[in-house]
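We count residues from 1, following the sequence as given.
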Amino acid sequence: MVTWMVASAIVIALYILIYYNILKGVPCRSDTSLKGKTAIVTGANTGLGKATALDLARRGARVILACRSKERAEPAVFDIRKKSGNNQVIFMHLDLASLKSVRAFAETFLQSEPQLHLLINNAGTGSIGLTADGFNMAWGVNHLGHFLLTNLLLNRLKQCTPSRIIIISSLTYCMGKIDFSNLNTPGEGFVSGLRNYSFSKLCSTLFARELANRLEGTNVTSYAVHPGFVFTEAFRELGLLIKLVFVPIGFLFFRTPTDGAQTAIYCAVQEGIEKFSGRYFADCEVQKVFPHARDDAVARKVWEISERMAGLCSH
Ligand SMILES: NC(=O)c1ccc[n+]([C@@H]2O[C@H](COP(=O)([O-])OP(=O)(O)OC[C@H]3O[C@@H](n4cnc5c(N)ncnc54)[C@H](OP(=O)(O)O)[C@@H]3O)[C@@H](O)[C@H]2O)c1
Ligand SMILES: *[C@@H]1O[C@H](CO)[C@@H](O)[C@H](O)[C@H]1NC(C)=O
Ligand SMILES: *[C@@H]1O[C@H](CO)[C@@H](O)[C@H](O)[C@H]1NC(C)=O
């Protein structure tokens, strides 16, 4: 009995030690105000996006929650306004699984909002299936939709310098393999879903890099971010069996959305990180990525293919 109690106490103490020292991650300590600044956060109705939007609103920014569902976004708008005391928090419709919707969002935004200082490309999915335009869902939403969105808003960002683009990537980029031959195949099941997700996040990492190359000297900078492993609604997309395994792990060992949002917030507000434009951040620190995620030739190729797939090509 006593042995059991001592053993349990040790396990709990160890857990608390590990949680607070390793798993919880590093907070953004900058107190930069964002009064007079405008930010867009995609997928801001829940999870990391909502936690990020709340932080930006608390700093005084005007925050546009770019979400696909009005019903899911309005409670978040209400909640963020209440918690931040900032009424400049508004919903605009954006479905990243439709290039037409991305264009419509950009048009509405550019007509109604004179400024843009922060673009946070946060929305993400590991869902299978195809987008409205027939692209693999993970690639279409996580990468291509954001690629088009960013390009359509780029001139406005250039007019509002210094401005920043934050691209939420993921450590799973490591497993990503560049393969443009299957952009139109739907993923199916956990393994191909993970493969498709990893490829999309590799593209996101390379996109941040290529953006930085193209934006050199403009005072618009871009950053890729790994938020850590975070317990969010992302888990709802998993199958029942996988859920049974991952939900307890997520609950015990993953970060809360507020802790997970810290690196995105850091990249949005921290002074003096412009020299790291194009790089990948985790735990509020620039990180070295594997060679396949810092290859400028591949980054350019991803850009060119994306341009073509998004219908942005002038040639
Ligand atoms: N959680 C993690 O451990 C983890 C780790 C690494 C990277 N990330 C990345 O962090 C980002 C946020 O993830 P999360 O964990 O906060 O996930 P989440 O709770 O599932 O939230 C994802 C958000 O993206 C939105 N979204 C999905 N498909 C969309 C579409 N077609 N158009 C517009 N919005 C769409 C969702 O909207 P609905 O509510 O309408 O579905 C939701 O607002 C993602 O890019 C994810 O890949 C997460
Ligand atoms: C999606 O996954 C399938 C199965 O693993 C793979 O054949 C295909 O190349 C992947 N497509 C993308 C765009 O990642
Ligand atoms: C970028 O910012 C620096 C420092 O504020 C400024 O001197 C420079 O003129 C700016 N460049 C552009 C292209 O706006």
Side-chain angles (χ1 to χ4, degrees), residues 27-28 30-96 101-102 104-124 145-146 149-150 152-168 220-223 225 227 230 232-233 256-271 281 284:
C28 168
S30 162
D31 59 3
T32 304
S33 160
L34 292 176
K35 281 213 178 66
K37 308 280 184 187
T38 301
I40 294 175
V41 183
T42 68
N45 55 285
T46 183
L48 290 160
K50 186 178 173 195
T52 305
L54 172 60
D55 184 280
L56 304 183
R58 282 190 168 134
R59 291 171 192 267
R62 180 171 173 80
V63 187
I64 316 303
L65 309 196
C67 307
R68 63 176 161 173
S69 155
K70 191 171 181 183
E71 289 79 67
R72 286 170 64 73
E74 288 205 316
V77 169
F78 181 83
D79 209 36
I80 294 173
R81 283 184 179 179
K82 202 172 83 183
K83 285 187 178 141
S84 65
N86 177 347
N87 280 329
Q88 305 222 34
V89 177
I90 56 177
F91 159 74
M92 277 191 201
H93 183 262
L94 169 67
D95 182 355
L96 288 154
S101 172
V102 175
F105 170 88
E107 203 169 303
T108 309
F109 176 85
L110 292 172
Q111 274 170 14
S112 58
E113 295 289 330
Q115 304 204 77
L116 180 61
H117 303 92
L118 289 170
L119 171 61
I120 319 255
N121 291 342
N122 163 82
H146 281 125
L149 178 70
T150 306
L152 295 175
L153 300 177
L154 215 44
N155 278 336
R156 186 58 53 86
L157 285 159
K158 286 179 185 165
Q159 290 157 9
C160 302
T161 54
S163 52
R164 296 182 182 183
I165 302 161
I166 319 297
I167 299 171
I168 307 304
V220 185
T221 51
S222 71
Y223 311 89
V225 167
V230 189
T232 64
E233 287 195 53
T256 63
T258 305
D259 291 338
Q262 296 305 306
T263 302
I265 296 163
Y266 177 91
C267 288
V269 303
Q270 180 65 44
E271 279 157 21
F281 283 71
C284 296

message = Can you tell me how the ring of Phe281 sits relative to the ring of Tyr223, calling it parallel under 30°, perpendicular over 60° and tilted otherwise?
response = perpendicular
task = Could you tell me whether the side chain of Ser84 reaches within less than 4.5 Å of the side chain of Leu54, counting heavy atoms only?
result = yes
query = Can you find a heavy atom in the side chain of Ile40 that is under 4.5 Å from one in the side chain of Leu94?
reply = no
query = Distance only, no hydrogens: is a donor on one side chain within 3.5 Å (strictly under) of an acceptor on the other, for Ser69 and Asn45?
reply = no
key: Heavy-atom closest pair, residues Leu48 and Pro257   = CD2-O, 3.6 Å
ask   = Any donor and acceptor pair, going by atom type alone, linking the side chain of Asn122 with main-chain N or O of Thr42 inside 3.5 Å?
value = yes
request  = Work out which heavy atom in Cys67 is nearest to a heavy atom in Ala44; give both atom names and the distance.
outcome  = SG-N, 3.5 Å
Among Ile168, Leu96, Val41, Thr150, side chain to side chain contact (heavy atoms under 4.5 Å, CB included) partner for Asn121 = Thr150
ask   = At what distance, to the nearest 0.5 angstrom, does CD of Gln262 lie from CD1 of Ile265?
value = 4.5 Å
key: Carboxylate-amine/guanidinium proximity below 4.0 Å for Arg62 and Glu113   = yes
key: Pair Phe109-Leu116, side-chain contact (heavy atoms from CB on, under 4.5 Å): steps then yes or no   = CA-CA 9 Å; Phe109 176 85; Leu116 180 61; 3.9 Å; yes
ask   = For Ile166 and Thr52, what are the C-alpha separation, side-chain angles and deciding distance, and is it a side-chain contact (heavy atoms from CB on, under 4.5 Å)?
value = CA-CA 11 Å; Ile166 319 297; Thr52 305; over 6 Å; no
inquiry  = Students often mix this up, so state it plainly: with edges at 30° and 60°, are the rings of His93 and Phe91 parallel, tilted or perpendicular?
reply    = perpendicular
request  = Please answer whether the main-chain N or O of Cys284 pairs with a side-chain N or O of Thr263 as donor and acceptor at a distance below 3.5 Å.
outcome  = yes
inquiry  = Do the side chains of Glu233 and Arg72 get close enough for a salt bridge, i.e. N-O under 4.0 angstrom?
reply    = yes
ask   = Between atom CZ of Arg164 and atom CD1 of Ile120, what is the distance when rounded to the nearest 0.5 Å?
value = 10.0 Å
ask   = Residues in side chain to side chain donor-acceptor pair (under 3.5 Å) with Thr161, at least two apart?
value = none
query = Roughly how far apart are Ile90 CD1 and Ser112 OG, rounded to 0.5 Å?
reply = 6.5 Å
key: Main-chain N/O of Asp95 paired to Ser101 side chain as donor or acceptor, under 3.5 Å   = yes
ask   = For the atom pair CD (Gln115) and OG1 (Thr38), what is the distance rounded to the nearest 0.5 Å?
value = 5.5 Å
ask   = Taking C-beta and beyond as the side chain, do Val269 and Asp55 meet within less than 4.5 Å on heavy atoms?
value = no
ask   = Can you tell which of Lys83, Arg81, Lys82 makes a side chain to side chain donor-acceptor pair (under 3.5 Å) with Asp79?
value = Lys83
ask   = Could you state the interatomic distance from CD1 (Ile165) to CG (Leu154), rounded to the nearest 0.5 Å?
value = 5.5 Å
request  = Calculate, to the nearest 0.5 Å, the distance between atoms CG and CD belonging to Leu65 and Glu74 respectively.
outcome  = 10.0 Å
ask   = Does the side chain of Leu153 reach to within under 4.5 Å of the side chain of Leu110, using non-hydrogen atoms?
value = yes
inquiry  = Do Leu118 and Lys37 have side chains that approach each other closer than 4.5 Å (heavy atoms only, starting at C-beta)?
reply    = no
N/O donor-acceptor pair under 3.5 Å between Arg59 side chain and Thr32 backbone = yes
